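So the structure is just underneath, and the comments pick up after that.
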Amino acid sequence: AKASFTCKNLCSACFSRLLLFFSLQTFEKLLIANRGEIACRVIKTCKKMGIKTVAIHSDVDANAVHVKMADEAVCVGPAPTSKSYLNMDAIMEVIRKTRAQAVHPGYGFLSENKEFARRLASEGVTFIGPDTHAIQAMGDKIESKLLAKNAKVNTIPGFDGVVKDADEAVRIAREIGYPVMIKASAGGGGKGMRIAWDDEETREGFRFSSQEAASSFGDDRLLIEKFIDNPRHIEIQVLADKHGNALWLNERECSIQRRNQKVVEEAPSTFLDPETRRAMGEQAVALAKAVKYSSAGTVEFLVDSSKNFYFLEMNTRLQVRKTTLQIQENLLTEKIYSHKPSYARLCSSEPLHSTQVRVDSGIQQGSDISIYYDPMISKLITYGSNRAEALKRMEEALDNYVIRGVAHNISLLREVIVHPRFVQGDISTKFLPEVYPDGFKGHKLTDHERRQLLATAASLYVAEQLRSQRFLGTPRIPIAKSKRSSWELSVHLGDGIYPVAVSKDGSSFSVEVDGMKLNVTSEWNLASPLLSVTIDGTQRTIQRISRNASGETSIQFLGTVYKLQILTKVAAELSKYMPEKAAEDTSSILRSPMPGTVVAVSVKPGDMVSEGQEICVIEAMKMQNSMIAAKTGKVKAVHCKAGDTVGEEDLLVELE
């Protein structure tokens, strides 16, 4: 037998081919028990290998990209995952109906479910992944920790059993010593995880983690272990066959995380030395051999500042962010998300592709991003011969990535990769809360950058004014006076209003801001979503997001979208007489911050509530969010109940 691959680094497509190759069988038809990006990736690989594919989908995913790509597609139920992508009975029926010979589980959903693998085996259907013993052992965090100890793998101190209730959770947490990590035994992907620093947070964490675990994995068992404060999160990729052979293929660092979900990854890690890397790899292989693992997997470690490392968990599946088995080049991967769950439709998605930039995605223009599933838009990957080169390509790729119709996190991703701490490799899992303790609010402009933005916006405004005066190259009004060459403008940005003077010189504009002159040049292709602008010799890629007749415009500059209002000097003087709309008093009302499902409502009309008291719980994309009262008062009305689906800004509760 011979496997062939198309790249010197083992990319995701070749990696999927490797998994199929490991099965040592040839299939005519394969079912993908997943959706989104991973389903599309597997289907592409199967097409290259001449294997027919069957896609499953929920009713809301009927027009999803993976459904269109597959040779066959069958609906397995309504939108909730428990009734569709986790519905084993329905999926097994589709397998029988379509006569699929193998199932690729992708990641998440049923990919680490031993019962699903067992049922497939009982019907002679091949599960693309490890056997049920390995899934059972490594998929259960409690059992995997015991096995790791026996295999002489470093483990985190903690309770090695199932936590029964909130009272026991508090008792165990006190014995271990705060802070502690509460997490789902069958979990992964940051779901069902909470950090607790005291008894109250332990009780709350037990409640939310068990509910999220049940919703995401159909298993509400929890474990508690010591929280390693300020660690790095580093993973080792392993490959093992059915003959007892196993090897490790270096690491990727995943320390930049939000809500325990990895946002930015890179390989190799800037932190590891050869000795630590080798020790981690050898322990990862020892664990794989101890459980008689076969197929590909990922062993996750936490690494402290002294390079002590501790086993965290093993993913017995294709990794969510598996983009390459890094060997020679530097790699940077970012996950681009819709940062709020949404019923919105993606109006446009135009990533930058090149030989050193890759985009893995399961959506396209017109796709719906639902509240029911992970909101990932794509994975953006850049390569370089060194870290600086990979970072520079990522910065350029983010600036050139056009997304319309949904909110996204490109501004955060760009800010992270240019931050001095990240550039220096000074990171940990606490990076985001440490750098942005009050939450990320967008890029903070320096005075120089502010002048660049003002000059660019003013030049763009004038370019549009000049274009509007002509049609097919000729003036719209033939008797109009000669061309105007200078403009006095007033630009409103943030809390400031800035006088800006613009004069035209050929295709360039000379712009005076704060008493300083800047030269702005561009091709001024106003039909393009992207504009390459040079400001005093510095090239910037900007995006015009929106504009209206009142002079309001939104421009993406250095990754962040800024709202401006550009008026002529006369219009700005007159605007002072326009009445302003009074802001809504939000202290007496509670609105949903995002689309989701109401899990619980804790109050009723007439109840007295205190500031900070929980009013209700909203679940979005399997994460539960506690909604609290903004002030002390009496409940006037409740506009939702458990089980309701709510949209962003929907009124939930009113106080008197």
Side-chain angles (χ1 to χ4, degrees), residues 347-348 350 352 396 399-404 443 445 448-494 496-575:
C347 296
S348 177
E350 300 177 26
L352 175 69
E396 293 171 352
D399 282 342
N400 284 273
Y401 204 141
V402 178
I403 299 176
R404 300 288 186 270
H443 178 72
L445 294 168
H448 177 63
E449 291 168 344
R450 175 182 55 81
R451 287 191 290 269
Q452 286 188 330
L453 175 58
L454 292 171
T456 300
S459 299
L460 185 57
Y461 172 86
V462 172
E464 288 174 330
Q465 294 298 309
L466 292 173
R467 185 184 70 167
S468 67
Q469 295 173 8
R470 305 181 69 82
F471 179 72
L472 297 179
T474 60
R476 290 180 181 272
I477 306 175
I479 61 173
K481 295 181 180 179
S482 60
K483 289 184 180 179
R484 186 176 173 183
S485 60
S486 63
W487 294 259
E488 291 188 355
L489 306 174
S490 176
V491 184
H492 188 178
L493 171 64
I497 298 177
Y498 305 92
V500 178
V502 182
S503 58
K504 190 174 186 302
D505 182 14
S507 61
S508 301
F509 293 101
S510 177
V511 186
E512 185 173 339
V513 184
D514 296 342
M516 301 179 66
K517 287 193 174 182
L518 296 87
N519 183 264
V520 183
T521 61
S522 175
E523 293 183 359
W524 304 113
N525 180 4
L526 304 181
S528 172
L530 293 168
L531 275 177
S532 177
V533 180
T534 302
I535 311 157
D536 284 346
T538 301
Q539 190 276 334
R540 302 287 192 194
T541 299
I542 68 165
Q543 297 186 32
R544 161 63 66 80
I545 306 299
S546 65
R547 67 186 179 97
N548 61 29
S550 64
E552 294 175 342
T553 186
S554 295
I555 295 175
Q556 184 171 307
F557 177 77
L558 299 177
T560 294
V561 177
Y562 296 93
K563 294 182 178 180
L564 307 94
Q565 185 178 35
I566 307 172
L567 300 172
T568 64
K569 185 177 181 180
V570 173
E573 289 293 327
L574 295 175
S575 69

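Bear in mind that the values here come from a model prediction, so they are computed numbers and not experimental data. Only heavy atoms go into these numbers, but all of them, side chains included; no hydrogens, no water, no symmetry mates.
The minimum heavy-atom distance between Leu531 and Ser522, with the atom names listed, is CD2-OG, 4.1 Å. Among all heavy-atom pairs drawn from Ala457 and Ile555, the shortest one is CB-CD1, 3.8 Å. The shortest non-hydrogen separation linking Asp399 to Gly559 is OD1-N, 4.0 Å.
The backbone N or O of Lys563 lies less than 3.5 Å from no partner atom in the side chain of Glu552, so there is not a single donor-acceptor pair. In terms of modelled atom types and a separation under 3.5 Å, the side chain of Asp536 and the main chain of Leu518 share no donor-acceptor contact. Remark: the backbone N or O of Ala571 is not paired with any side-chain donor or acceptor of Lys569 at under 3.5 angstrom. Without hydrogens or angle criteria, Ser528 side chain to Asn525 main chain gives no donor-acceptor distance under 3.5 Å.
Here the straight-line distance linking atom OG1 of Thr521 with atom CZ of Phe509 works out to 10.5 Å at 0.5 Å rounding. Rounding to the nearest 0.5 Å places OG of Ser575 at 9.5 Å from NE2 of His492. With values rounded to the nearest 0.5 angstrom, Thr534 atom OG1 is found 10.0 Å from Glu523 atom CD. Remark: Leu454 CG to Phe557 CZ distance equals 9.0 Å, nearest 0.5 Å. Interatomic distance, Ser554 OG to Arg544 CZ, rounded to the nearest 0.5 Å: 8.5 Å. Taken to the nearest 0.5 Å, the CD atom of Gln556 stands 4.0 Å off from the CD atom of Gln543.
A 4.5 Å side-chain heavy-atom check between Val402 and Arg404 finds at least one atom pair inside the cut-off. Using a 4.5 Å heavy-atom threshold, the side chains of Arg451 and Tyr498 count as separate. Proximity of Leu567 to Leu489: side-chain heavy atoms (C-beta onward) are nowhere separated by under 4.5 Å. No side-chain heavy atom of Ser510 sits under 4.5 Å from any side-chain heavy atom of Val502. In this structure, Arg547 and Glu464 have side chains that are in contact, with non-hydrogen atoms separated by less than 4.5 Å. Residues Leu526 and Arg467 are in side-chain contact: their nearest non-hydrogen atoms beyond the backbone lie under 4.5 Å apart. By the 4.5 Å heavy-atom criterion applied to side chains, Tyr461 and Thr568 are counted as neighbours.
Taking 4.0 Å as the cut-off between side-chain N and carboxylate O, Asp514 and Arg450 count as a salt-bridged pair.
For Arg540, the CZ atom counts as densely surrounded, since its 6.0 Å shell holds more than 12 non-hydrogen atoms of other residues, nucleotides or ligands. For Asn548, the CG atom counts as densely surrounded, since its 6.0 Å shell holds more than 12 non-hydrogen atoms of other residues, nucleotides or ligands.
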For a side chain to side chain contact (heavy atoms under 4.5 Å, CB included) check, start with the C-alpha distance between Trp524 and Leu460, then their side-chain angles and the critical distance, and finish with the verdict. CA-CA 8 Å; Trp524 304 113; Leu460 185 57; 4.2 Å; yes
Tell me, with the steps shown, if His443 and Glu449 meet side chain to side chain donor-acceptor pair (under 3.5 Å). CA-CA 10 Å; His443 178 72; Glu449 291 168 344; 2.8 Å; yes
Mind running side chain to side chain contact (heavy atoms under 4.5 Å, CB included) on Ser508 and Val520 for me, showing each step along the way? CA-CA 6 Å; Ser508 301; Val520 183; over 6 Å; no
Assess whether side chain to side chain contact (heavy atoms under 4.5 Å, CB included) is satisfied between Thr553 and Ile566, documenting all intermediate values. CA-CA 8 Å; Thr553 186; Ile566 307 172; 4.1 Å; yes
Is there a side chain to side chain contact (heavy atoms under 4.5 Å, CB included) between Leu493 and Leu445 once you walk through the steps? CA-CA 11 Å; Leu493 171 64; Leu445 294 168; 4.3 Å; yes
Passes side chain to side chain donor-acceptor pair (under 3.5 Å), Gln539 versus Ser532? Steps please. CA-CA 7 Å; Gln539 190 276 334; Ser532 177; 2.9 Å; yes
